[in-house]
Structure formats: C-alpha cells, structure tokens
Amino acid sequence: MERETTVLIVGAGPAGLATSACLNLKNIPNIVLEREDCCASLWKKRAYDRLKLHLAKQFCELPNMPFPSNAPTYIPRKDFIRYLDDYVSYFNVSPFYERTVESASFDHSRRNWGVMAKNEVLGTTEKYVAKFLVVATGENSEGYIPQNIPGLDSFNGEVMHSSKYENGKKFEEKKVLVVGSGNSGMEIAFDLSNWGARTSVVIRSPVHILSEELVKLGMVLLKHLNVDLVDTIVLLLSKLKFGNLSQYGIQTPNKGPFYLKRATGRSPVIDVGTIAKIRAREIDVLPSIKNVHGHNISFTNGETESYKAIVFATGYKSTVRKWLKDDGGLFGENGMPKKRNPNHWKGENGLYCAGFARAGLFGISNDAKAISQDISALFKSS
C-alpha cells in the first residue's frame, strides 16, 4: 500500500496537532501518523495526576484557539486534555493511530519523502509519500533513565521513570528517592510527601526556584525589558520570597532563569510547595548518587540510606535519529536540531521539525505557524 499526500506529519502531540490544524486552515492536504492509540499520549498516559501547565494560559495556547476566559490561569492536566480534544475536533485533525514510523528517507529522483510505517493493529507495513515531512515527535519522545549509576541493577525496590508515576498513594509510609530537580521531580517529591511517603530528592546541579507569579511577571516584563534586567528583578523577588536556600542543599546558577531558558532551554523550577517542605525537613535534599547496593543507596556526601523505590525524573530524549534518514544536518546526534530557536524549524528538501524549540507550548505554536506559512508559500508557487 502506498498513500500520497502533500505533507506528512510524524507525531500527534500538541506540535503535530497544531501543525495539521494550521495546514487545514490553508487547505493543504496532510496526514498525521501517531504510534499510540490516541493523540497527546504524553498528557493522557504519561503524566502524573496533579500536573498542570507551569505557565499562564496565554503562553500555552495553540494557534487560533484561545483558552476560555473563565479557565484558570494555570490549566490542570484534565482541562488541557479536554482543550486538545476540542482542538482536534474543531480543526478536523484526523491522525492515523497505531502507526510506528520505521524509516523516512528523501527520494532525490522523485523529489519527495518516502515513509515506512508499521500498522500495529494489522501487523502490516504501509508506505506514505509526501512532498513535505514534518517531524513532530518532539523533545519528549522516550523517557530517560541514566544507566551509569553503579549498582542500579541490584536495587531491590521499585524503579520507575516519572512518566509512569501517577500519584503517591501506594508509597505511603515508604522511603522514596526522587532523582531529578526539574519541575517534574520537585512536584513529584511534593506529591509523595503529601501522600505520607518519606521523601528525598537528589539535586545535583544549581537550579532557579521561582513562584508561578514570578514566572508570569517575568514573561510580561520580557515584552518591554531586556533579559538581564528581567532576571535581576525576578531573582531579587525570588530571594525575598524563598530566602537563601544553599543551607538546604540548593544552589543557584550563575546566569539568570530567563537567560538560561533562552540559551539552553532549561526551565526554572516553579514551586508548588516543595520548598516549604524542604525548609520544614519534610523532604530531604541529597547530592549525586555514588552507588546502589540492594535497598541501600550511597551519596557523594558520604551518607547511605535505604529506600523502597526510586523515581527518575531525569527527563526525556528524542528518538528521531532512529528512523529519520537524509536529514541534511538538521538534527544533531542527540536528536535535537543543531540550530537554536528561532532558526531551528526548517531543514532541506521540504523537511521541518515542530516542538523542538525548547520553549514549551509557546514554542510549539510558533513552530506550527512558521511551518504552515512556509509550506503554503512553496505549495502555491509550485
């Protein structure tokens, strides 16, 4: 079976949905392939219960559909899922589900992309041909657990990635170690503590701690002031709110939070109550793991503790290098674009990527609009 279209989009997360919607508005034929049995599977299947958007709703809207005026400022997970389902319905986005893309290569003689995908329901292989290819599998395609921790395979308790964590109910009264101090790790530590788990969190690197209000303030100020001044203002207010956290094992980076977000894609931690629990010694902060032996975990500060479970909130990795051929140098070895935002989204021979800007949903929206406008210009001129 060979199916032809103008644009083939791989991935039905927010980036793929937004790109398809923008193309539909321009009457450009497109097909979306998705390996799961639903759209936005990261949000529907691999997100913890208490998750909500970490930025105010006006920075998280997909193109051409604002959130309702009565929606909360920070959208809960269940409401965001409903928003995405409404988005799919309104813009007539119709992904082909349970299609695992196995390879994608450019045919220089025919000047089009050939994509081979396995139909997981029928067990057959399907071929798709398109003039344009949009990689929308994003930064968070596969959960990452570091394999260089000595003795990790000897751990006798439960080991899970944060994508498998739902809530802390089953960990009540148990000692649990959370590895990772990004937003997911810090919020999962907070959730575990609320469920009665005796919780510790590994914080290896310096990290900025901000409140939701400070992040919103910073985002607004960036429209009028340079990033260095915004960082200075926000960090002063953060110190007034949280105090000096170094005594609790939390160090602050040398560069400001909004500078780092632009330069590296790393977000500040938006506190949901974790810091108060750390200050109250209800959550312990520990440095890097030295080694694991059975239930016992040793740390680089010389301490050894026994735990029943480890939750790795150590992020995700892109899997695009596994299946994309002939990318023309668009992606690096880590599966991320070589060029930084805002010049990352376009490659050669009709190849694009959406959702790789390291700028969250705001970046996804910008990618989708830029890609659809570029394809529209090329489509009309051909």
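Checking R99, R3, K118 one by one against E126, the side-chain hydrogen bond (donor to acceptor under 3.5 Å, both in side chains) holds for a single residue, R99.
Between the side chain of K239 and the backbone N or O of G243 there is no donor-acceptor pair closer than 3.5 Å. A donor-acceptor contact shorter than 3.5 Å is absent between the side chain of D107 and the backbone of R111. With hydrogens and angles ignored, the 3.5 Å screen pairs no side-chain donor or acceptor of W113 with any backbone N or O of Y128. A side-chain donor-acceptor contact under 3.5 Å links D327 to the backbone of F331. Judged by distance alone, the side chain of S365 and the main-chain N or O of G363 form no donor-acceptor pair under 3.5 Å. Put simply, the side chain of K346 never gets that close to the backbone of D374: no donor and acceptor are under 3.5 Å apart.
Ring planes of Y352 and F132: tilted class, angle from 30 to 60°. Ring geometry, Y83 versus F80: the interplanar angle falls under 30°, so the pair is classed parallel (tilted spans 30 to 60°).
Between K52 and E212 there is a salt bridge, since at least one side-chain N of the basic residue sits less than 4.0 Å from a carboxylate O of the acidic one. The pair E142-R46 does not count as a salt bridge, with every side-chain nitrogen at least 4.0 angstrom from each carboxylate oxygen. Contact check on E139 versus K317 returns no salt bridge, with no Lys/Arg side-chain nitrogen under 4.0 Å from an Asp/Glu carboxylate oxygen. Ion pairing between a basic and an acidic side chain is recognised when a charged N comes within 4.0 Å of a carboxylate O; E333 and R321 show such pairing. Taking the charged nitrogens against the carboxylate oxygens, D85 and R82 have no contact shorter than 4.0 Å, which rules out a salt bridge.
Annotation: the span from L330 atom CG to C353 atom SG amounts to 4.5 Å, rounded to 0.5 Å.
Residues S318 and F356 approach most closely at OG-CE2, 3.8 Å, considering heavy atoms. Scanning all heavy atoms of the two residues, the minimum distance from N24 to I28 falls at OD1-O, 4.4 Å. Y259 and D231 get closest at one heavy-atom pair: N-OD2, 3.1 Å.
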- Message: Test salt bridge (charged side-chain N to carboxylate O under 4.0 Å, His left out) on E4 and K131; report intermediate values, then the result.
- Response: CA-CA 9 Å; E4 291 191 24; K131 183 176 178 63; over 6 Å; no

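The cationic atom of K175 (NZ for Lys, CZ for Arg) lies less than 6.0 Å from the six-membered ring centre of Y307 and within 45° of the ring axis.
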Name every donor-acceptor pair, under 3.5 Å, that has one atom in a side chain of residues 179-189 and the other anywhere in the protein, sequence neighbours excluded.
{"unit_1": "N183", "atom_1": "OD1", "unit_2": "I270", "atom_2": "N", "d": "2.7"}
{"unit_1": "N183", "atom_1": "ND2", "unit_2": "P268", "atom_2": "O", "d": "3.0"}
{"unit_1": "E187", "atom_1": "OE1", "unit_2": "Y48", "atom_2": "OH", "d": "3.1"}
{"unit_1": "E187", "atom_1": "OE1", "unit_2": "H54", "atom_2": "NE2", "d": "3.3"}
{"unit_1": "E187", "atom_1": "OE2", "unit_2": "R50", "atom_2": "NE", "d": "2.8"}

I'd like a table of donor-acceptor pairs (distance under 3.5 Å, sequence neighbours excluded) in which one partner is a side-chain atom from residues 245-258, with atom names and distances.
{"unit_1": "S246", "atom_1": "OG", "unit_2": "N244", "atom_2": "OD1", "d": "2.8"}
{"unit_1": "S246", "atom_1": "OG", "unit_2": "N244", "atom_2": "ND2", "d": "3.3"}
{"unit_1": "Q247", "atom_1": "NE2", "unit_2": "N244", "atom_2": "O", "d": "3.4"}

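The neighbour count for R204 CZ, taken as heavy atoms of other residues, nucleotides or ligands under 6.0 Å away, does not exceed 12. More than 12 heavy atoms of other shown residues, nucleotides or ligands fall within 6.0 angstrom of atom NZ in K45. Remark: K44 NZ is packed, more than 12 non-hydrogen atoms of other residues, nucleotides or ligands lying under 6.0 Å away. Within 6.0 Å of OH in Y316 there are more than 12 heavy atoms belonging to other residues, nucleotides or ligands.
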